[in-house]
Enquirer: 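Sharing a structure below in structure tokens format, with a few things to ask.
FYI, side chains are in, hydrogens and waters are out, and symmetry mates aren't considered; it's all heavy atoms of this structure. So that the names make sense, note that chain A is the first sequence line, chain B the second, and so on, each numbered from 1.
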2 protein chains.
Amino acid sequence: MAKELTEKQFLKRYDIHEFDIPLTSVDMAIFTIRGGELQVLLVKRAQHPSKGLWALPGGFIDLKKDRTLSDTAHRKLLEKTGVDTPYLEQVESFGSADRDARGWSVTVAYLALITCDDIVLAADESSEEVTWMSVEKVEQEMDLAFDHQAILDVCHDRLKNKVQYTSLPINLLPTEFTLTELQKTFEIILGIPVEKKSFRRRILDADILEETGGMKTGSNRPAKLYSTKPEGVKHFFSRSIEGPRR
Amino acid sequence: MAKELTEKQFLKRYDIHEFDIPLTSVDMAIFTIRGGELQVLLVKRAQHPSKGLWALPGGFIDLKKDRTLSDTAHRKLLEKTGVDTPYLEQVESFGSADRDARGWSVTVAYLALITCDDIVLAADESSEEVTWMSVEKVEQEMDLAFDHQAILDVCHDRLKNKVQYTSLPINLLPTEFTLTELQKTFEIILGIPVEKKSFRRRILDADILEETGGMKTGSNRPAKLYSTKPEGVKHFFSRSIEGPRR
DNA sequence: GTAATAGTGTCTATAAGACACTATTGA
DNA sequence: TCAATAGTGTCTTATAGACACTATTAC
């Protein structure tokens with residue numbers, strides 16, 4: 001029997017290239033509100049496999065640049081949108097023998113929420129086109145690369161679910177907003193109307209907003225502008241929005 | 001400029017061994033209730049790295065045997081416990097340059113709930129010892145391999161959190177149980193007392209249990225035995241257990 | 001003034017917590 | 001009978017939904 005190795009010796013002889021291991025990547029569903037609907041950022045693949053198909057932005061971990069998985073996610077988001085401090089949450093990992101033609105692969109899916117104002121979308125070497133697309137349209141009519149359709153579904157479900165008991169939609173609005181704008185954002189994601197008084201009571205009682213002092217004027221009564229207190233971007237309510245009683 | 005490759009040509013020339021990619025594994029926090037406390041299954045590592053340290057059970061994806069990530073998780077669970085149809089849920093993936101001495105690595109963490117009755121723990125070539133250990137003790141006094149301490153914390157947090165609004169603890173009990181036993185299980189995980197009447201109302205109104213007809217006799221009034229309806233193992237309540245009001 | 005949107009008062013409904021009460025067993 | 005645990009009746013509390021009401025602007 002061979003003499004036992006020390007951990008140092010073991011690591012010295014260890015060569016990852018000798019093993020059959022899965023490809024590992026990060027993919028993101030970056031959501032925003034545009035044109036009164038929930039949209040998601042898609043890139044058109046400029047490389048094989050699935051060249052020419054629309055896909056969620058993502059890519060491989062850069063073992064040199066990235067110290068952690070969340071670094072990879074932030075880097076990808078920054079590359080595509082120029083934004084680097086949005087709401088970012090890991091959702092789920094998808095791994096199987098057949099989700100990528102190159103072989104067994106694992107992808108870690110992230111969900112990001114950003115306000116689309118002032119975002120300049122940027123293509124890079126792996127994508128020839130970048131665009132915002134209606135989530136509803138993508139889910140009903142499109143055919144995304146790999147299993148990105150399923151990944152988008154899971155991220156969208158996670159978002160819809162969390163909107164029932166958190167303040168996440170705040171992250172989809174600019175820094176100053178009115179309560180009506182915030183309510184509309186909740187309604188767009190939930191897909192149901194929300195009762196105005198309950199909504200305002202809920203948000204204001206949570207003490208997560210500050211009046212900025214400014215007012216939003218339009219063609220009617222002006223509305224108070226609010227901004228979010230630091231912890232307000234990820235507040236958890238003790239009860240869910242229940243929706244209309246029939 | 002080179003002629004463009006077809007996808008077929010691209011895939012033929014693709015060799016995963018040419019790339020620097022992270023190691024990818026699956027680790028599990030397998031929870032049970034034993035001795036009136038929440039315990040987690042640990043294995044003592046028989047191989048480098050971290051040889052001799054206690055760790056969460058887990059291992060690499062077997063590209064031949066496993067078609068999906070969840071296959072890997074089920075396989076690992078079966079290897080250690082002999083159980084293969086428990087409650088199993090993916091929790092989060094952890095990836096970084098320094099969590100494993102062998103290099104950049106990603107692990108997908110799963111949470112499993114099983115009843116410890118009739119489980120025969122089995123060591124294999126990568127673990128010389130397998131044991132149940134109090135979660136409280138592990139978190140307070142032990143030093144697990146890799147970042148398994150952090151992974152256990154996250155899985156434990158996920159469990160505590162979900163117990164507030166789901167029926168998950170049902171999965172920690174044998175097929176027949178009394179309402180008092182179920183309540184105790186909730187209390188052990190939550191770490192707070194639960195009000196008896198509220199608890200029974202909540203569980204029975206949810207219509208997730210069936211009376212088996214049997215009674216559990218002891219030295220006092222016998223208690224009705226219940227079993228779970230098929231969908232009852234993962235019921236979501238519309239409101240959370242709030243705990244005592246002060 | 002009117003139209004339109006902002007914002008409030010106050011009722012009901014639902015489900016949780018509190019807690020005292022009754023019920024059924026073994027010894 | 002008593003100790004112990006099973007199980008219930010019913011009040012209070014917290015927060016959501018309903019919906020009509022008032023407030024403030026542009027025109």
Enquirer: Using a heavy-atom cut-off of under 4.0 Å over every strand shown, decide if Lys224(A) touches base, sugar-phosphate, or nothing.
Expert: sugar-phosphate
Enquirer: Of Arg239(B) and Met215(A), whose closest DNA chain D nucleotide lies nearer the 5' terminus?
Expert: Arg239(B)
Enquirer: Rounding to an integer number of Å, can you tell me how far Arg202(A) CZ sits from dA18(D) P?
Expert: 14 Å
Enquirer: Measure the acute angle between the ring planes of Tyr165(B) and Phe236(B), then classify it against the limits of 30° and 60° as parallel, tilted or perpendicular.
Expert: tilted
Enquirer: Atom CD of Glu195(B) and atom C1' of dT13(D): how far apart are they, to the nearest Å?
Expert: 14 Å
Enquirer: So does Lys216(A) pair up with Glu181(A), basic N to acidic O under 4.0 Å?
Expert: yes
Enquirer: More 5' along DNA chain C: Thr180(A) or Pro222(B), using each one's nearest nucleotide?
Expert: Thr180(A)
Enquirer: Given atom NZ of Lys216(A) and atom C1' of dT24(D), what is their separation to the nearest angstrom?
Expert: 17 Å
Enquirer: Any idea which heavy atoms bring Leu113(B) and Pro86(B) closest together, and the distance?
Expert: O-CB, 3.6 Å
Enquirer: OP1 or OP2 of dA14(D) versus the side-chain N and O atoms of Arg245(B): is any pair under 4.0 Å?
Expert: no
Enquirer: On DNA chain C, does the nearest nucleotide to Arg221(B) precede the nearest nucleotide to Ser240(B) from the 5' side, or the other way round? Give the residue.
Expert: Ser240(B)
Enquirer: Return the value, rounded to whole Å, for the distance between atom NZ of Lys197(B) and atom P of dC11(D).
Expert: 12 Å
Enquirer: Provide, to the nearest angstrom, the distance between the CD1 atom belonging to Ile203(A) and the C1' atom belonging to dT15(D).
Expert: 14 Å
Enquirer: Under 4.0 Å from any heavy atom of chain B: name the first and the last nucleotide of DNA chain C that qualifies, 5' to 3'.
Expert: dT14(C) to dG26(C)
Enquirer: Nearest-Å distance, CZ (Arg200(A)) to P (dA16(D))?
Expert: 15 Å
Enquirer: Determine, for Lys234(A) against Glu89(A), whether the closest basic-nitrogen to carboxylate-oxygen distance falls under 4.0 angstrom.
Expert: no
Enquirer: Is the backbone of Ser25(B) close enough, under 3.5 Å, to the side chain of Thr107(B) for a donor and an acceptor to pair up by distance?
Expert: yes
Enquirer: Should the pair Phe237(B) and His235(B) be assigned to parallel (<30°), tilted (30 to 60°) or perpendicular (>60°) ring geometry?
Expert: perpendicular
Enquirer: How long is the line joining OH of Tyr165(A) and C1' of dT15(D), in whole Å?
Expert: 18 Å
Enquirer: Just to be sure I understand the rule, does Leu179(B) reach a base, reach only the sugar-phosphate, or reach nothing, if contact means heavy atoms closer than 4.0 Å?
Expert: nothing
Enquirer: Can you give the donor-acceptor pairs under 3.5 Å from side chains of residues 135-142 of chain A to other protein atoms, not counting sequence neighbours?
Expert:
from	atom 1	to	atom 2	distance (Å)
Glu139(A)	OE1	His156(A)	ND1	3.3
Glu139(A)	OE2	His156(A)	ND1	2.9

